[in-house]
Participant: 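Here's a structure for you.
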Amino acid sequence: MGRRKTEFYVGLFVIIGILCSLYLFVNLGSVNFGKDKYYTVYGFFSSVTGLKKGARIEMAGVKIGVVSNVSIDKKQLLAKVKFSIYKDITLCEDIIASVKTSGVIGQKYIDIMPGGSDIILASGEEIYNTESSLDIESIVRKFIFSMDKK
Amino acid sequence: MVSKIIEKFGAKNIELVEALGRIVIFFLTGIKNIFVLPFQFNKIIDHTWFIGSKSIFVIALTGFFTGMVLGLQSYHALLRFGSEAALGSAVAITLITELGPVFTAIMITARAGSAMAAEIGVMRISEQIDALKTMHINPVRFLFTPRIIAAFISFPLLTAIFNILGLLGGFVSGSLMLGINKYVYMDTVFSSVNVNDILGGFYKAFVFAVIVTTICCYQGFYTHLFKGFGARGVSLSTTNAVVFSCIAIFISDYIITFFLV
Amino acid sequence: MTTPFIQFSNIAKSFGTNYVLKDINLSIYKGEITVIIGKSGSGKSVLLKHIIGLMEQDSGQIFIKGKPLSQLTSNMKKEFQKTLSYMFQDNALFDFMNIYDNIALPLMENSSFPENQIKEMVLTRMEQLGLTGTQNKFPAQLSGGMKKRVALARALVIDPQIVLFDEPTSGLDPVRKKNVHLMIQEYQEQFGFTAVIVTHAIPEIFKITQRIAMLDNGIIKFEGSKEDLLNSHSKTVNNFIRGEKF
């Protein structure tokens, strides 16, 4: 095996490997090299049970972004969700963000109902109107307690 | 009688501690020599060719079929809950966080790890390692250091190739053969995996690279210390290299996952 | 009397319960060819490996130019060992490298010569030893005698001061055997290195040697010139030379 040939195959291998890694990181891991294609807004929810980082954000059933972080706001004791919205989508300040479920045990996602205001949300601002996730357990509990009272 | 058993137990323990000490010193010597000039560029290329380039086909093939079977199995499992739409994320998460790094490491152990142990083992029994010493060439630096660098390059890249082919395999069996909408499949793949999953997979690949090369080279290097001489000794150390590597891969996989999740 | 270049003093070495070297006292003088003879398995190779540092004695001292080896600083030890070359009994050629790389390896790894100079040195050695044209072959493609010569070329390429030969002629036909001996003698005269040869090639080896030592049962039974050896009255020595049972 000639030296040149070995070097060629090693080079080929490394290039293929790096391309595969890049594909994984960029497309699957949503890592952006260079230009950021998202802007960020925040929303506070009383409960986001089941909502995970990376969940879809939809408007009228079309993906317009992803949830990039879910944390707890220590002052208000509410769930603070970081929304990453595509740059070419503009949201007005009176939109309603609600946590929804696809399928019975399916994944949670955020649905955004468009508003009619003229004021547009800028990066870093927060959404005022939110609806928390429908927690089947608490509904069942409410139902049982209401049965007890009767 | 009792004292003999205790004696044997003690001897085994001493042997174990000695072996552990040897392997740690072996590993540290190898790592230290990465930073000793001159850089062994040509040898690293040769070993990357052997560990990496020559493994592409095997890795691609196993990756593709692992993805296929994953698609098939997950489809039937998910069907029971009526959420076969989640097939893409099931395949992607399983592949990228677990099967990709582990299967790749095991395939490389089988292909290149056994060869390392056998090659270095033969060098040991035919006095080639002693010959290196008489020429004042550090045999650990000469034999182990380029291999561990090559493994460090090859393992993650092969894991990435395995993952991509696996996702393709899942796509073929889940979407083309079982009829899940291809956009749904791709979309669930893209949305379910996040950067930490991918990074976690790569961390594993790096750790496995270190474990597999260290164990395999160590087994070959100390062939003369094991029971059995000559060809028997080499066959023993090759078997040990593969078995111990695989065990270490699974144990360390659990430990890393424990800390990553 | 001059100080010996290398002197063994009361060297003992055992493997487990097997005492290979019991009490070795032996002197090797600069510029001479010293031959160590003895039965197979009497520890001749083990003795050689002590000089190059592949093995360490259990007790006793090795003196280099009068100084004990164990008291040399590690740098001095390294310097001394860099002037040594060892030719292995089974050649120990690197079977994954071609002949050129095999011979060039000690220079490549340890010297600061530029690459084209190394090439010249290697090719000269190969020519001197009749190995021209085998550069790109691998050790497995060569005959036993060729491999021996490659091993010799590898040992001599660094211009060593001391060369240790572990059975350089085993497995060679009488003609080749004589050639190797003549080659050793010729190079020894040419470069003036000190040679220690472990061999079974009796009596051919007597033609080129100045000093002979006989190892038996873990001790040096005889040490002296070849005339002394042939006139020796020791029964062990006489029987061994004539190949009789003792």
Side-chain angles (χ1 to χ4, degrees), chain A residues 1-33 36-38 50-58 61-70 82-84 86 100-110, chain B residues 41-42 44-57 59-60 63 78 80-86 88-89 92-93 95-96 100 150 153-168 184 186-202 205:
Chain A
M1 191 94 175
R3 183 93 233 136
R4 293 278 291 281
K5 228 172 175 183
T6 312
E7 279 167 5
F8 171 76
Y9 282 121
V10 169
L12 194 69
F13 160 64
V14 172
I15 289 168
I16 294 176
I18 287 178
L19 284 181
C20 288
S21 315
L22 279 182
Y23 181 84
L24 285 177
F25 275 112
V26 172
N27 282 346
L28 272 63
S30 317
V31 176
N32 303 299
F33 295 99
D36 198 0
K37 57 176 183 175
Y38 296 106
L51 186 72
K52 289 199 185 73
K53 204 171 151 179
R56 298 159 61 89
I57 300 173
E58 287 183 1
V62 180
K63 188 177 175 188
I64 59 162
V66 289
V67 170
S68 55
N69 198 15
V70 180
K82 192 173 166 188
F83 293 63
S84 291
Y86 292 141
K100 293 203 168 157
T101 313
S102 62
V104 182
I105 59 151
Q107 291 172 313
K108 298 276 176 174
Y109 69 99
I110 301 268
Chain B
F41 189 74
N42 282 344
I44 294 171
I45 295 275
D46 285 343
H47 291 303
T48 313
W49 173 72
F50 184 73
I51 301 173
S53 310
K54 282 181 91 178
S55 302
I56 292 183
F57 183 70
I59 291 295
L78 289 169
R80 290 183 211 170
F81 305 106
S83 36
E84 66 271 21
S89 54
I93 298 266
L95 262 180
I96 287 170
I153 297 167
S154 304
F155 272 65
L157 297 182
L158 287 173
T159 305
I161 294 172
F162 187 98
N163 286 341
I164 298 285
L165 264 295
L167 290 173
L168 190 69
V184 173
M186 291 314 282
D187 191 64
T188 45
V189 167
F190 289 148
S191 60
S192 59
V193 180
N194 62 42
V195 187
N196 288 336
D197 294 330
I198 300 173
L199 279 178
F202 276 94

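Every chain is numbered from 1, with letters handed out A, B, ... down the list of sequences.
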Participant: Given side chain to side chain contact (heavy atoms under 4.5 Å, CB included), test Lys63(A) with Tyr86(A) step by step and report yes or no.
Facilitator: CA-CA 9 Å; Lys63(A) 188 177 175 188; Tyr86(A) 292 141; 3.8 Å; yes
Participant: Testing the basics here: between Phe155(B) and Ala205(B), what is the closest heavy-atom pair and its distance to 0.1 Å?
Facilitator: CB-O, 3.6 Å
Participant: Does any backbone or side-chain atom of Leu167(B) lie under 4.5 Å from a heavy atom of chain A? Answer side chain, backbone, both or neither.
Facilitator: side chain
Participant: Pick one of side chain, backbone, both or neither for Ser154(B), based on which atoms fall under 4.5 Å of a heavy atom in chain A.
Facilitator: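 Both parts, heavy atoms under 4.5 Å.
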Participant: What part of Ile56(B) lies closer than 4.5 angstrom to a heavy atom of chain A: side chain, backbone, both or neither?
Facilitator: side chain
Participant: Taking all heavy atoms of Asn163(B) and all of Leu95(B), pick out the closest pair and write down the distance.
Facilitator: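 The pair with the smallest heavy-atom distance is OD1-O, 3.4 Å.
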Participant: Which region of Asn196(B), side chain (C-beta onward) or backbone (N, CA, C, O), has a non-hydrogen atom less than 4.5 Å from a non-hydrogen atom of chain A, or is it both or neither?
Facilitator: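 For Asn196(B), side-chain heavy atoms alone lie under 4.5 Å from chain A.
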Participant: Non-hydrogen atoms of chain A under 4.5 Å away: do they reach the side chain of Phe50(B), the backbone, both or neither?
Facilitator: neither
Participant: Please determine, among Ser55(B), Pro156(B), Ala160(B), the option with the most heavy-atom pairs under 4.5 Å with chain A.
Facilitator: Ala160(B)
Participant: Which atom pair, heavy atoms only, marks the closest approach of Ala92(B) to Val189(B)?
Facilitator: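 For Ala92(B) and Val189(B), the tightest heavy-atom pair comes out as CB-CG1, 4.0 Å.
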Participant: If you look at every heavy atom in Ile198(B) and Ile96(B), which pair is closest and at what distance?
Facilitator: CA-CG2, 3.8 Å
Participant: Among Ile153(B), Leu158(B), Leu165(B), Thr159(B), who wins on heavy-atom pairs under 4.5 Å with chain A?
Facilitator: Leu158(B)
Participant: What's the spacing between Ile164(B) CD1 and Leu24(A) CG if we round to 0.5 Å?
Facilitator: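 Atom-to-atom, Ile164(B):CD1 and Leu24(A):CG are 4.0 Å apart.
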